[in-house]
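Have a look at the structure below before the remarks.
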Amino acid sequence: MRPAWLCVLLWLACSGMSLAACLRDYHVPYITLGYASYTDEQGQPAGYFIDLYRELSHRTGCRFVIEPMPAQRLRATMVVNRIPLFGPAAAPATSEARAQRRFVPLTREPMELVVRKDLAVRNVADAMGRPGLVFGTIRGASYGEWVEQNLPRLPAAQREESVDAETVYRKLVAGRIGATFGNAYVYRWHLDRMQEPDSVSVLPLPERHRTLVGMVFNHDGMAPEDLERLVRAVVAIRDDGSFRRMVARYLGDDLARDRLYQGSASHP
């Protein structure tokens, strides 16, 4: 049996597509990242970024081999620029990274406080001021400027690190921690899988901190013609509302519309 993640490549080969293909096929890694990308019960890649890759193939004729990759390996591979394209990803943070990669923003993701509903927390200030309320985080994860400035001010006994998001949300559901921080596509996926979607309250952080999330294309890993074709297609999928509809299939239309990137002179 062929690996399940070859499904996109095989689907395109059988589709009778008449579009000219890219100059090469591209291997696209994905990690388990909530409703953005995951492996479903049939062992197939799923999520709205997987849907995006399929739509990219349909519109451009380019072929992708979509394959799972452990998160630690993906981070190490991205550092040495061996991945031609990847999403979801944050905008490159340094001038060197921006020179090597092309970034297309798709959403503005707010970091939110996810807290057990039975604690009756009124707002973020209430949560941060409660002695004994334990906040869970993922070791090595970035939660944005507000969390990184304020969480270390709490006593060590109120901060607990875990190795991954699944462990954090299992602890939250079990009552071993009282709160965590997250994006909707991550916390909704974990809580839905645990059949506990109504066990938490979601509260906005002060100033509603948001991070640009989108697709990254590596100049060194792609033919220039392929890169330009794919960038144009991603922008079109975003701007004609197709990507919002992909997100809405998993998160609902309200969350999809709230997060949609509206455009900026500094990004395509």
Side-chain angles (χ1 to χ4, degrees), residues 31-38 70-76 78-79 88-94 97 105 107-214 251-252 254-255 258-259:
I31 62 175
T32 299
L33 202 57
Y35 281 122
S37 56
Y38 62 98
Q72 290 184 341
R73 181 183 168 198
L74 177 63
R75 285 193 289 267
M78 290 186 72
V79 169
T94 66
T107 60
R108 293 183 183 273
E109 291 292 343
M111 185 63 64
E112 297 166 306
L113 176 68
V114 185
V115 59
R116 287 182 58 88
K117 189 176 290 185
D118 58 10
L119 297 179
V121 171
R122 299 186 302 275
N123 50 45
V124 174
D126 179 18
M128 299 296 288
R130 288 202 183 190
L133 196 158
V134 178
F135 293 79
T137 58
I138 305 167
R139 187 175 301 120
S142 174
Y143 289 92
E145 183 178 353
W146 190 91
V147 176
E148 291 171 4
Q149 287 181 350
N150 288 275
L151 192 60
R153 297 174 182 173
L154 295 179
Q158 288 185 251
R159 294 178 275 123
E160 181 173 310
E161 284 191 339
S162 298
V163 295
D164 55 30
E166 182 175 359
T167 303
V168 168
Y169 286 100
R170 288 197 180 281
K171 289 179 179 179
L172 184 66
V173 168
R176 293 171 56 190
I177 62 174
T180 187
F181 301 93
N183 303 114
Y185 59 89
V186 175
Y187 63 72
R188 287 279 297 270
W189 185 77
H190 284 286
L191 293 169
D192 285 348
R193 290 176 71 235
M194 296 174 190
Q195 300 183 341
E196 294 282 352
D198 300 320
S199 64
V200 302
S201 298
V202 178
L203 304 171
L205 295 185
E207 301 179 5
R208 199 163 175 78
H209 172 76
R210 289 178 182 251
T211 300
L212 279 180
V213 174
L251 297 182
D254 288 344
L255 287 179
D258 175 64
R259 283 152 172 74

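Atom set for the values below is all heavy atoms of this structure, side chains included, hydrogens, waters and symmetry mates excluded.
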Exercise. With a 4.5 Å heavy-atom cut-off, do R259 and P110 have their side chains touching?
Worked result: yes
For this session: Would you mind reporting whether R108 and L212 have side-chain heavy atoms less than 4.5 Å apart?
Result: yes
Problem set entry | Atom CD of Q195: over 12 foreign heavy atoms under 6.0 Å | no
Exercise. Does R153 reach the main-chain N or O of Q149 with its side chain, forming a donor-acceptor pair under 3.5 Å?
Worked result: yes
Exercise. Between CD1 of I177 and CZ of R159, what distance do you get to the nearest 0.5 Å?
Worked result: 14.0 Å
Problem set entry | Atom pair CD/OG1 of E145 and T211 - distance to nearest 0.5 Å | 10.5 Å
For this session: Taking all heavy atoms of V213 and all of P88, pick out the closest pair and write down the distance.
Result: CG1-CB, 3.6 Å
Problem set entry | CA sep, side-chain torsions, deciding dist, call: Y187, Y169, ring-ring contact (aromatic ring centres under 6.0 Å, His included) | CA-CA 8 Å; Y187 63 72; Y169 286 100; 7.2 Å; no
For this session: With side chain to side chain contact (heavy atoms under 4.5 Å, CB included) as the test, would you mind laying out the steps for V124 and W146 before giving the verdict?
Result: CA-CA 11 Å; V124 174; W146 190 91; 3.4 Å; yes
Exercise. Under 3.5 Å, is there a donor-acceptor pair between the side chain of S37 and the main chain of T32?
Worked result: no
Exercise. Would you call E112 and R188 a salt bridge, using N to O less than 4.0 angstrom?
Worked result: no
Exercise. Can you name the nearest heavy-atom pair linking A127 to L113, along with the distance?
Worked result: CB-CD2, 3.7 Å
For this session: Kindly indicate whether the side chain of R139, heavy atoms from C-beta on, has any atom under 4.5 Å from the side chain of S162.
Result: no
Problem set entry | Nearest-0.5 Å distance that lies between atom OG in S199 and atom CG in D118 | 8.5 Å
Exercise. Among V168, V147, I138, which one satisfies side chain to side chain contact (heavy atoms under 4.5 Å, CB included) with F181?
Worked result: V147
For this session: Evaluate side chain to side chain contact (heavy atoms under 4.5 Å, CB included) for S142 paired with E148, printing each intermediate quantity in order.
Result: CA-CA 8 Å; S142 174; E148 291 171 4; 3.3 Å; yes
For this session: Flag yes if more than 12 heavy atoms outside R130 fall under 6.0 Å of its CZ atom; otherwise flag no.
Result: yes
For this session: May I ask you to test the K117-V200 pair for a side-chain heavy-atom distance under 4.5 Å?
Result: no
Exercise. When the ring planes of Y38 and W189 are compared, do they come out parallel, tilted or perpendicular, using 30° and 60° as the limits?
Worked result: tilted
For this session: With salt bridge (Lys or Arg N to Asp or Glu O under 4.0 Å) as the test, would you mind laying out the steps for R210 and D258 before giving the verdict?
Result: CA-CA 11 Å; R210 289 178 182 251; D258 175 64; 3.2 Å; yes
Problem set entry | Closest non-hydrogen atom pair, E196 against V173 | CG-CG1, 3.6 Å
Exercise. A179 and L133: which non-hydrogen atoms are nearest, and at how many Å?
Worked result: CB-CD2, 3.8 Å
Exercise. About how many Å separate CG of N183 and OH of Y143, when rounded to the nearest 0.5 Å?
Worked result: 9.5 Å
Exercise. Is the shortest heavy-atom distance from the side chain of L251 to the side chain of Y185 under 4.5 Å?
Worked result: yes
Problem set entry | L203 CG to D126 CG distance, which is reported to the nearest 0.5 Å | 9.0 Å
Exercise. Rounded to the nearest 0.5 Å, what separation is found between the OG1 atom of T167 and the NE2 atom of H190?
Worked result: 9.0 Å
Seminar exercise, completed: In terms of heavy-atom contacts, D192 and P197 come closest through OD1-CB, 3.4 Å
Exercise. With a 4.5 Å heavy-atom cut-off, do E160 and T137 have their side chains touching?
Worked result: no
